[in-house]
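One-based numbering along the sequence shown. Computation of the quantities below employed the complete heavy-atom set of this structure, encompassing side-chain atoms and omitting hydrogens, waters and symmetry-equivalent molecules. Here the structure is a predicted model, which is why all the values come from computation and not from measurement.
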Amino acid sequence: MTKQPLSEPYYSVNFTGGQFSFYRSELDFSGPLTDDGNLRYRLNTAYQNNGSFRDFVSEQRFFVAPVLQWNISKNTTLTVDFSYTYNDPVVDFGVVALSDASLVLPINRALFYPSLDRFTEEQYQASYRFEHKFSDNWQLRNGFSFYNTYQSGGYTYVDADFRDDRFLDKLYSDDVFLLQDYEMQTDLIGKFATGSIKHQLLVGFDLSRATSYFTSGSARLPTIDIFNPNYTVTRPDVQIVNYGTSFTDSLGIYIQDQIDITDNLHLLVGGRFDFTKQYDSLDTFSQGDQAFSPRVGIVYQPIKPISLYASYSQSFTPVIGRSRTQELFEPERGNQYEVGIKADITNKLSATLAAFQITKSNVLTSDPVDPINFSIQIGEQRSRGVEFTIGGEILPGWNIIAGYAYTDARVTENNDIPVGELLQNVPKNAANLWTTYEIQSGDYKGLGFGFGLVFVGEQQGEFPNSNFQIPSYVRTDAALFYHRDNWRVGINVNNLFDTEYYETATRRTLVYPGAPMNVQATISYKF
């Protein structure tokens, strides 16, 4: 969501530079355009150009987002915004793990042909948001948005074969992908009472059409020797062999009532009806689905600083496409239960402890037979666990954000994946800590320090599971900053102790390492 216009003039300039040839500049301007302040604007722009610790990897990005907001009357507001993003990345597929699951390559080793990369992406977004208050208790909101994403160009990617723990087969792909999404949403919000019970009612609908167009062609490339790669290659001729246009039309109708039964007992009850239809321009497939998804939650405060809560919800997500056996995908369905307790330890420090269970069916994952070209749907997967978070100000100038999560995520019903298989890239244990202290008075007022730890436990590197797991790691970050008046400067040291670690993996031939120690400096000025 774009930043909203401000009623007072605001101007901010920000520049960040760092290792791996990282440069980013940002502008943020806002304020009134008329003397009465009824017409306001905001303009955000950013340009980024960076290299990487990975050989031959770089990226160039540009972003601009203007916003106009008009107070048509005391009770009526119209907001219009637009954004444009251009991205020119080098498509990188990381490193590989050997058959014994060892990760022996240098983390900067490139396993693609950089001379063949010409992939770019452009995104446009335009929308309006209309709000009108009929009274202090009733209001109407209406909005419309248009999204356009265009991706095109050639790049190299990993084929399924990895021979003799040394030779990696590569393919060249030249694709065009266009996604256009039209969405309209209308809400009526009202506050009223039935006796002593207070209600906040939300009734609305959303309507959308998503159009997806693609063309794709591929050609085989010379095999890469992962220990002695030769990056010299001639761009192959590619014939378009796959193409298509698909449409997804969706209508959602929803109602929700937030009920204050007493001052310390609150209930939320709602539901959503979804109707979707998917088809393509060649009439080779057509599929319609509908579902009702309820939602209910309750909050009880035995004393004001303590909140006990529980919730249940269902979800419905259309899934477009076909499997390797040409079967249409079914919609993804989900059920979520959560119970927890939130405690306001002080006015500025709070903690939350929650237990959850999320069950999803018909989730897409890579087809074990042909992971490059096809997906399959898991019969059912379940994630259950416990999360603890604490955040806020411990003492004047001393802030903390910390959390721990235990998650058990696995297949619970058999389709093509064995029951009990752990989900990929989901660590059972994860924790984080970030704390800062800023001097509050004296000659050094505004000087601050930050320190953080990130722990991620062992994760499954392939699905179905194999002997390949992503090792656990602890990463340490640090920061030094100073602000006075309208100036702020800061230095961030990421991965302070230069820990070698790996973030995620799609399979053993697509493993993504984390960045080594690097430093970034930022300077900003507001006026």
* To do: Fit a plane to each ring of Y337 and Y312, take the angle between them on a 0 to 90° scale, and name the class: parallel (under 30°), tilted (30 to 60°) or perpendicular (over 60°).
  => tilted
* **Parallel, tilted or perpendicular: ring planes of F112 versus F56, cut at 30 and 60 degrees** => perpendicular
* With L140, the side chain to side chain contact (heavy atoms under 4.5 Å, CB included) member among D187, I189, T186 -> T186
* Asked: Among V80, T79, D81, which one satisfies side chain to side chain contact (heavy atoms under 4.5 Å, CB included) with S127?
  -> D81
Look up atom [atom1] in [X] and atom [atom2] in [Y], then write down how far apart they are to the nearest 0.5 Å.
X    : Y    : atom1 : atom2 : value
L353 : F388 : CG    : CZ    : 7.0 Å
I107 : Y501 : CD1   : OH    : 8.5 Å
Y502 : N425 : OH    : CG    : 15.0 Å
K360 : Q381 : NZ    : CD    : 6.5 Å

* Checking S30 side chain against Y41 main chain: does a donor-acceptor pair fall under 3.5 Å? ->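 Flag set: sc S30 to bb Y41 pair under 3.5 Å.
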* With no hydrogens and no angle check, is any side-chain donor or acceptor of D117 less than 3.5 Å from a backbone partner on V91? ->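 Pair found, side chain donor or acceptor close to backbone of V91.
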* Compute the ring centroids of Y47 and F62, then answer whether they are less than 6.0 Å apart. => no
* To do: Assert yes or no for the condition that the ring centre distance of F29 to Y11 is strictly below 6.0 Å.
  =>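 Ring centres of Y11 and F29 closer than 6.0 Å.
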* **Under-4.0 Å salt bridge between D28 and R42** => yes
* Note: R475-D477 ion pair, threshold 4.0 Å (strictly below) ->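 Looking at R475 and D477, the cut-off is met.
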* To do: Taking side-chain contact (heavy atoms from CB on, under 4.5 Å) as the test, write out the residues that go with S58, two or more places apart.
  =>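 Result, side-chain contact (heavy atoms from CB on, under 4.5 Å) vs S58: V90.
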* **Flag side-chain contact, heavy atom, 4.5 Å: T76 against F130** => yes
Just list the side-chain donor-acceptor pairs under 3.5 Å for residues 430-437, sequence neighbours left out, or say none.
unit_1 : atom_1 : unit_2 : atom_2 : d
T435   : OG1    : W398   : NE1    : 2.7
T435   : OG1    : N399   : O      : 2.9

Assess, by modelled atom type and distance only, whether the side chains of [X] and [Y] contain a donor and an acceptor separated by less than 3.5 Å.
X    : Y    : value
S135 : N137 : no
S73  : N75  : no
R384 : Q357 : yes

* Asked: So, is the end of the R488 side chain (NZ or CZ) under 6.0 Å from the ring centre of F481 and within 45° of the ring's axis?
  ->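 Yes, a cation-pi geometry holds between R488 and F481.
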Side chains of residues 510-527: which donor-acceptor partners sit under 3.5 Å, not counting sequence neighbours?
unit_1 : atom_1 : unit_2 : atom_2 : d
N518   : OD1    : N494   : ND2    : 3.1
N518   : ND2    : P516   : O      : 2.9
T522   : OG1    : T16    : OG1    : 2.9

